[in-house]
2 protein chains.
Amino acid sequence: MKIDSSYTPLSLAILGLVSLGPQSGYGLRKTFSTTPMGHFSASPGAIYPALRRLEQAGLIRGAIEKKNTLRPRKTYSMTEQGLKTLKRRLAAAITRHDIVWRLEELILRFAFTGEILGRTRSIDFLEELSSQIAQYVPDLREHVTIQRELGNVNGAYALEQGIAKYEATDRWARRVAKELTEV
Amino acid sequence: MKIDSSYTPLSLAILGLVSLGPQSGYGLRKTFSTTPMGHFSASPGAIYPALRRLEQAGLIRGAIEKKNTLRPRKTYSMTEQGLKTLKRRLAAAITRHDIVWRLEELILRFAFTGEILGRTRSIDFLEELSSQIAQYVPDLREHVTIQRELGNVNGAYALEQGIAKYEATDRWARRVAKELTEV
DNA sequence: GTCCGCATGTAAGGCGTTACATGATTAA
DNA sequence: TTAATCATGTAACGCCTTACATGCGGAC
């Protein structure tokens with residue numbers, strides 16, 4: 001039972017953007033190239049194939065506007081299955097694997113969770129994130145100790161940058177959760 | 001004049017590790033899989049091809065230990081050209097592109113700079129990093145404002161996570177630079 | 001004498017990158 | 001009418017991922 005043929009951050013970003021309203025390939029490229037979301041790639045060689053894959057998987061549907069011209073404009077919109085898939089992906093539990101390897105994708109998930117799943121779910125997401133980070137940081141500290149004992153000064157410092165990053169993300173998550181709760 | 005055939009973070013990590021002393025492919029895999037450096041991949045399907053590329057580029061040299069067995073052990077060590085290339089890569093100026101797209105590689109560069117280029121250069125590196133981050137953060141704040149005005153609440157918050165990450169890295173860089181200076 | 005860890009790889013396949021190709025539209 | 005911008009793609013290539021294959025060496 002294979003559901004998601006392509007499960008990359010880029011495909012998540014595209015699904016999220018299309019879910020906010022119909023988008024053309026060029027429109028998506030513009031969004032990616034003019035906002036920090038371009039972090040998940042802005043090149044046509046990535047976006048157009050991704051659109052085709054998502055369409056073949058039945059998650060989005062492309063409608064051709066001007067049939068008579070040689071270069072027809074294509075506008076993609078969400079299918080029911082696509083919305084279901086997006087919701088499932090946004091609501092998935094946060095694993096340690098996500099924390100270690102896919103932090104930026106988690107932030108991307110949060111960015112779309114507000115519109116798609118609502119404020120309450122956004123708050124839950126942030127609390128789960130904070131909790132998972134709290135469980136991971138001690139392990140990083142372990143590695144700092146190990147590297148310091150090995151005399152790897154810069155290596156230990158480099159690991160501390162990672163810790164600083166996670167702690168900052170933790171503080172951010174708590175603050176935002178609080179703000180979203182109070183509003 | 002093509003010098004670096006492969007310029008990936010993984011190849012930098014391998015060059016750095018080999019520069020600290022001869023390494024076997026398996027030894028590298030162990031290092032990658034047991035330390036957070038594994039962030040730059042720990043799979044054999046990435047490491048062995050990378051070793052072959054680095055050897056073909058003349059940056060490392062593999063010496064076979066036991067010729068008589070069918071599975072000979074191979075130990076890689078640095079060539080002069082490899083050390084030169086590594087030094088050049090570590091000493092390269094930090095660009096905005098690096099800050100935006102390759103922050104983790106910058107941290108990796110710092111981790112090896114201590115052993116390869118020394119403490120003074122490590123401090124310079126951190127100050128350059130701090131300065132470049134300071135120049136980038138205001139641009140991110142711009143995007144936060146834009147997204148907030150568009151009513152994209154979670155999107156604006158998500159961007160703030162990025163800001164928090166960079167600011168934490170900036171504080172880390174200043175602190176470490178200070179500590180390295182005082183010692 | 002069998003199982004597990006050491007040790008070195010290969011194969012198939014996927015996604016992304018850079019560079020290139022093509023046509024329509026608008027402003028000077 | 002020419003240049004820039006809108007708009008949609010393709011081609012070649014490279015690196016990484018997952019899964020698989022193979023053999024040695026010591027412990028039980």
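Basis for what follows: all heavy atoms, side chains included, without hydrogens, waters or symmetry-related copies. Residue numbers begin at 1 in each chain, while the letters A, B, ... track the order of the sequences.
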Tell me which nucleotide among C:dT10, C:dT17, C:dG16 gets nearest to the side chain of A:L10. C:dG16
Is it true that B:R175 and A:E160 make a salt bridge, defined as a side-chain N closer than 4.0 Å to a carboxylate O? yes
Checking side-chain contact (heavy atoms from CB on, under 4.5 Å) between A:L83 and each of A:Q81, A:K87, A:E80, which is the one that passes? A:K87
D:dT10 phosphate, OP1 or OP2: any side-chain N/O from A:R52 under 4.0 angstrom? yes
Please give, in whole Å, the distance from C:dA7 P to B:L51 CG? 15 Å
Quick check: on DNA chain C, is the nucleotide nearest B:Y48 upstream (toward 5') of the one nearest B:W101, or the reverse? Name the residue that is more 5'. B:Y48
Rounded to the Å, how far apart are A:I47 CD1 and C:dT18 P? 13 Å
Would you say a side-chain N or O of A:Y26 is under 4.0 Å from OP1 or OP2 of D:dC6? yes
Measure the distance from NZ on B:K74 to C1' on C:dT10 and round it to the nearest whole Å. 14 Å
Could you check which of C:dG16, C:dT8, D:dG9 has an atom nearest any side-chain atom of B:S24? C:dT8
Distance in angstrom units between A:R29 CZ and C:dT17 P, rounded: 12 Å
A:R53 side chain near C:dC15 phosphate (N/O to OP1/OP2, under 4.0 Å): yes
Only counting residues at least two apart or in another chain, list the ones meeting salt bridge (Lys or Arg N to Asp or Glu O under 4.0 Å) with B:R96. B:D139
Return no unless some side-chain N or O of A:S43 is found under 4.0 Å from OP1 or OP2 of C:dT17. yes
Strictly by side chain to side chain donor-acceptor pair (under 3.5 Å), give each pair with a member in residues 100-122 of chain B just once, sequence neighbours left out. A:N154-B:S122, B:H39-B:E104, B:R89-B:E105, B:R102-B:E105
Rounded to the nearest angstrom, tell me the gap between atom OH in A:Y76 and atom C1' in D:dT8. 9 Å
How long is the line joining CG of B:L28 and P of D:dC16, in whole Å? 14 Å
Proximity of B:W172 and B:F110 rings by center, below 6.0 Å: yes
Where the side chain of B:T8 is defined as all heavy atoms beyond and including C-beta, which of C:dT10, C:dC6, D:dC15 is the nearest nucleotide? D:dC15
Report which part of the nucleic acid A:G25 touches: base, sugar-phosphate, or nothing (heavy-atom distance under 4.0 Å, all strands). sugar-phosphate
Whole-Å gap separating P (D:dC15) and CG (B:L54): 10 Å
Rounded to whole angstroms, how far apart are CZ on A:F32 and C1' on C:dC15? 15 Å
